[in-house]
Each structure stands twice: as structure tokens, then as C-alpha cells.
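These values consider heavy atoms only, across backbone and side chains, with no hydrogens, waters or symmetry-generated copies. A quick note: this is a predicted structure, and the numbers were derived from the prediction, not measured.
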Amino acid sequence: VASDPFDYGFLLCISEDALRVETLNEYLSSRSYLVGYGRSQVDAEAFALLCRPLPERHVHALRWYKHIAALKPQTNGQTPECSTKAKRVQPPWSPPEGTDVSKLHLYNSLTRTKEVFVPQKGNKVLWYCCGPTVYDASHMGHARSYISFDILRRILKDYFKYDVFYCMNVTDIDDKIIKRARQNYLLEQYGEKKPSPSQILQDVLTARTPFKAKLAETTDPDKKQMLERLDAAVDAALGPLQMSVQSNAAGDTLQNQAQVLLEEAKDLLSDWLDSQFGSQVTENSIFSLLPKYWEGEYHKDMEALNVSKLILVNNSIYEVLTLCIVLYFLSARQLRLAFLMHSWKDTLDYSNNTMESAIQYERFINEFFLNVKDILRSPTDITGQFEKWEAEEIELNKSFYEKKTSVHEALCDNIDTRSALEEMRALVGQSNTYMAARRSAKLPPNRMLLQSIALYLTDMLKTFGAIEGSEPIGFPVGGNGQNADLESTVMPYLSVLSDFREDVRKIAREKKVTELLRLCDELRDDTLPELGVRLEDRDGLPTSVKLVDKETLLKEREERKKMEDEKKKKKEEAARKKQEQEMAKLAKMKVKPSEMFRSETDKYSNFDETGFPAHDAEGKELSKGLAKKLRKLYEAQEKLYNEYLQSTQNGS
């Protein structure tokens, strides 16, 4: 046994456990106790006094305790808990306690609460989803249903790594589908018979009677509003045709007006035709045409909306699934973002504000991606890619991990994509603040940190189905069907063009060649946006080159021009008002003080030799208060008039 390097005997005099540990920890804080000695008798006695787990805050005492425990003789065939090598002894290891891991909770419609999601067999998830009953074009409600389920499936499969088997059943054909196919056929047959305008008018008037009765019986507010709009459209088309028929108008006029009425009244007319002749339609091929058409449209729409392929189960030859969404203002990505920004199980407000929020979110995230890619393209050597982290980088990285945790917790909470997107937005905002601060300080931002954040955000948006393609960072450039590697292909040439333009601008400014500066601005503002390229000139920094969708750039240019026109209009309006004020002031200055009150005969009746009023309109002498007030006005006008005379003499 090695000699005892320290004296622990003082511990025997301390009876209180907490004080004993604290005293030992302080004693060992400035001494080495691992190298060069073995377990002594004093160690054994002190260890016996402290033979229990020590608090982690007393790090020196805890380390000594683990060291002595490792040297303690083993009995009953036990093996030592640690190994020794030469004179150095490894302390025993124990796994960390860790923290609770968030578990996926999903809303259970049976219990009406969120339950921990536990698959029946390991990691495999069997998911059955009932499809729609289809007999016409789909609307936004259908789009939300299929995109929302696609989002949930992607998150379960790609984020939580479940093995998902997703099956959607196509609902059997029912009376509504059969009726719609029959109505379409009867209306088509009606048109092929080429009825006269008077016949169309009479048939629509006849069909309108049961339609009016149906409208009066309808109590559902939304359905009633829809029927009222249809009735108003039919009424507007009826009037002109009725007048033309009564006045024996020209044939072309009658035919055109009859076709307008036939188009507006097709729904109520087809319903009436079905009630009259529907029982005569029995050919099966008539009912197969409608499902085949909408099934083809469904597959097109699912692909356009980036909805993953489904396993479809049909129970009948007439079963179909459709998703026909006609969106003029929104892209498939913007529509998906709009759904992501709301809880998948709650009612969605399909207002302009909802859709505009999705557009703004996409623009906000896209600008971040473009800025990061611009930073990553900046030339640097290998050492420049590994910068030392300062307080700003440490703080941003800390926030990065906090936001990732918050996103995970949101997705575990009934797949709350709304909160997840808000956390991602906050992360982008903090990153933008960091980049702006570095730019203001003329310092390069940390490339690796920003790249990590951009890669994470891209990966999450890919999981949500909002990004297609294999690009590591950001939204695809160039749209579907174009070269996926467009950016890496064209960016070197654009960088050369940008550098050349910057050199030209520098020379033009030095030589004061305004025409060259104008051409450089024209290249930036008019030419390159048509090619999907945005140049951003920055004071003291290289010009930023970004690839953006052509439609986005053209819209930005249109908005910028609109703002410039409004600004110009306001400036012109301000100049006009200023000119009017100056003209009014000049006209007022030209008035002699002796004449300023003489025109107000409704107020004054007598004036002195200077033109100052002495009596009011009734001949009464002016009061002292009124006379004093008028005198101030008189003197002010006298001053203005003298200024006018002075200016005319100076020739101004």
C-alpha cells in the first residue's frame, strides 16, 4: 500500500454529512489525488464515512470517491469495476440520467383527447382513409383533405420514420354520381337536337318552377346562397331573350341570347330533364364516361399538388377518385403552406388573408435561402470555411437547437404544423438579424452555421412536401421539367457577368458617364428579371446574384413600378399643392392694404382714408376689440404687400 499523501483525519471530527462532503471538496480543490498512490487506511476510513452517492456539484470530492471505490478490494468473485494501466486508474462510468423524450401524441376521435401513438406491430403503420363520392369537379375542401392527409403521412414516414402503408378506398358509386352522369347525358342530347330559342325559353321557364320550390324549401344557408346566385344568373339571362322573342328580333340575336340562357340554366334544366326522361337512360357506357374522365383529372391534380402516390382500392367499376383544383393565384406549394399554417383537424378560413399569409411565408423563407446560397458562393479558402465562433454564433447556434426542439415538440403534439412553421419562421428571423449585423460590421457571417440552418429548414420543408427535387438548400429553381442542376450550371456565368457589370459601374462613376450607369441599371431591372435573375447592389459589398422564378421577379417589378408611380404621383400632388399655395400667397400679396376690406360690403359700410373699416354694415361704429383684430390683419397685409413691391423691384 502506497504511503498516504494527504491527511483525511480531520473528517473524523465532523459529524454532519453535508458539511463533511463540502469540507473534503474544498480540501481537494487544489490537490492532485489520482496519480502516484494507492488506497490507504485513511482513505478507507474516510470512504466509509462517505459511503453513499455524493452530490455532483462537489466535483473534486466526487472524483476522489469514484477513484477510491475503484480501488476497493472485491469479494465473492466480483470483478473490479474499472481497469488500471500503469499508475493511472480509470474512474468507474455510469450512464447519464438523460431527459424525457417527447412522444408522438395524436388526437383520438373516439376518446376526444390526444393519446400516445403506439402502432400495433412494431414500427409498421397501416392507414386506411376513405375517399370521396365524386360526381363533379372538386373544390378547395377536397384539396385540403388530400393535401392534409399527405402532409400527415409524410411526417409519420419521413420524420418519425414509421413504415407507413397508406390505403385509400374509393367510395362506391351512389345515386348522386348516377344522377349527374344521367343529367350530363340528357343535357348533351338536348343540345344536339338544336331547340329553337323560343323552345329553350319555354323549357327554362318550365324547369324554373320546381327549382323555385326547391329554393324555398332549402334551409342550409350556404346551399341556399348558392341556389340564389344560380337563380339570379338565370333571371338576368331570361329578360333579354324574352324581350327579343316578343319583338321578333333577328335570328342571330335570338340564337346568341338563347345560348347564354342555356349556359346559365344548365343545372336547373338538366335537373328538370332528368325528372322527365331519366328513367329512359339505361345504357351502362353512359355511366362509365364520367368516372373515367374525373379519374384521369384526379391523377393529374395529385401530381401537380405533389401528393404522394396512393394505394387505391375499388369496390365497383364505377368508383372514382378526383381532385380537380383550379387555382389562378396560388401555386401548389403556396396552397400546401396555407394548409400547413393551420391545424389539420380544425376548420380553415379560405379568405384572401389566409392565402396571402402563405405567399408571404414562402417569400420570407425563400429570401433566406437565396441569401445563404449567396454567402456560400462567396470565394474563400479552406480555412475560411471553419471560422472561430464568437458570442453571436454561439447564441445563434443555441437558438438553432432550441428551435429544432420546439419544432419536434410541436410535431409530437398531434402533428401541430402551425406551431412548427412559426418556430421555423422565428429561426429564420434570428438568422436574418445575425446576417444583417455581420453585414453592417463589414464582417463575413459564419458559413457553416448558416448552411446547417438552411439544410435543416430545407429538409423539414421536404418532409412537409413543400419542396420537391434533390437540391440541398432552398426551393427548386426553374420549375418542373427544367434542369434540376440549373443553379450550378448558370451561376458561374452570372457571377462573371455581375463582376463585369460592377467594374463598368465603377469606371462610369469615376468618369461620370451617366449613360453607362443607366444601361447597368437597365440590365439589372429590365433584362435579367426576364431570365429569372435578380441582382442586388450593396454598398461596400459585392453584388448579390440570385436565381428566382421569372414570374416572381416580374411580379416584384410590377409591384415596384406601382410603388414608384404612387410615389411619383404623391410627389406631383405635393408639388401642385405647394404651387397652389404659393400662387394663393402671391395673389394675396398683390392686394393693397387699402383695398383688402373694401370688397367686404356685407360686413363694413364706411372706411377711412387708408381703407380701414370704421363702421359695420348697419352703420354702427366698430367695437374696440374688433377694430384691434382687424388692425392686426391690416398690418400683416401691409407687410405682405411691401414684400411683393420689394420683389418686383428686385426683378424676382
Looking at [X], I'd like to know if its [atom1] atom is crowded, meaning that more than 12 non-hydrogen atoms belonging to other residues, nucleotides or ligands lie closer than 6.0 Å.
X: R576; atom1: CZ; value: yes
X: K462; atom1: NZ; value: yes
X: D252; atom1: CG; value: no
X: K266; atom1: NZ; value: no
X: E558; atom1: CD; value: no
X: F475; atom1: CZ; value: yes
X: Q579; atom1: CD; value: no
X: K214; atom1: NZ; value: no

May I ask you to test the [X]-[Y] pair for a side-chain heavy-atom distance under 4.5 Å?
X: F369; Y: L457; result: yes
X: L411; Y: M460; result: yes
X: N371; Y: K546; result: yes
X: N414; Y: W344; result: yes
X: R557; Y: D525; result: no
X: V490; Y: V533; result: no
X: E564; Y: K568; result: no
X: L535; Y: L497; result: no

Determine the minimum heavy-atom distance between [X] and [Y], stating which atoms define it.
X: P529; Y: L554; answer: O-CD2, 4.3 Å
X: P195; Y: I200; answer: CG-CG1, 3.7 Å
X: S498; Y: T543; answer: OG-CB, 3.5 Å
X: A466; Y: R333; answer: O-NE, 3.1 Å
X: L186; Y: D274; answer: CD1-CA, 3.6 Å
X: Y146; Y: M168; answer: CE2-CE, 3.3 Å

Evaluation steps, salt bridge (Lys or Arg N to Asp or Glu O under 4.0 Å), between R518 and E522: CA-CA 6 Å; R518 185 189 65 79; E522 189 176 290; 3.0 Å; yes
Is [X] reaching over with its side chain to a backbone N or O of [Y], donor-acceptor style, under 3.5 angstrom?
X: D549; Y: E551; result: no
X: R505; Y: C520; result: no
X: S270; Y: D267; result: yes

Does the pair [X]/[Y] count as a salt bridge with the N-to-O cut at 4.0 Å?
X: R501; Y: D537; answer: yes
X: K562; Y: D565; answer: no
X: R425; Y: E422; answer: yes
X: E580; Y: K577; answer: no
X: E536; Y: R534; answer: yes
X: D416; Y: K114; answer: no

Separation between [atom1] of [X] and [atom2] of [Y], rounded to the nearest 0.5 Å:
X: D222; Y: L227; atom1: CG; atom2: CG; value: 11.0 Å
X: L370; Y: I473; atom1: CG; atom2: CD1; value: 11.0 Å
X: K212; Y: L268; atom1: NZ; atom2: CG; value: 10.5 Å
X: L547; Y: D374; atom1: CG; atom2: CG; value: 11.0 Å
X: F339; Y: Q334; atom1: CZ; atom2: CD; value: 12.5 Å
X: I151; Y: F464; atom1: CD1; atom2: CZ; value: 8.5 Å

D203-Q199 side chain donor-acceptor pair, cut-off 3.5 Å: yes
Polar side chain donor-acceptor pair, E356 to Q360, under 3.5 angstrom: yes
Criterion side chain to side chain contact (heavy atoms under 4.5 Å, CB included) against L106, the qualifying member of I415, D413, L152: I415
Chi angles and distances behind the side-chain contact (heavy atoms from CB on, under 4.5 Å) call for D231, R208: CA-CA 9 Å; D231 187 54; R208 202 180 183 196; 3.1 Å; yes
Intermediate values then yes/no, side-chain contact (heavy atoms from CB on, under 4.5 Å), L215 and K224: CA-CA 7 Å; L215 176 58; K224 192 175 187 69; 4.2 Å; yes
Partner residues of K585 under the salt bridge (Lys or Arg N to Asp or Glu O under 4.0 Å) criterion, sequence neighbours left out: none
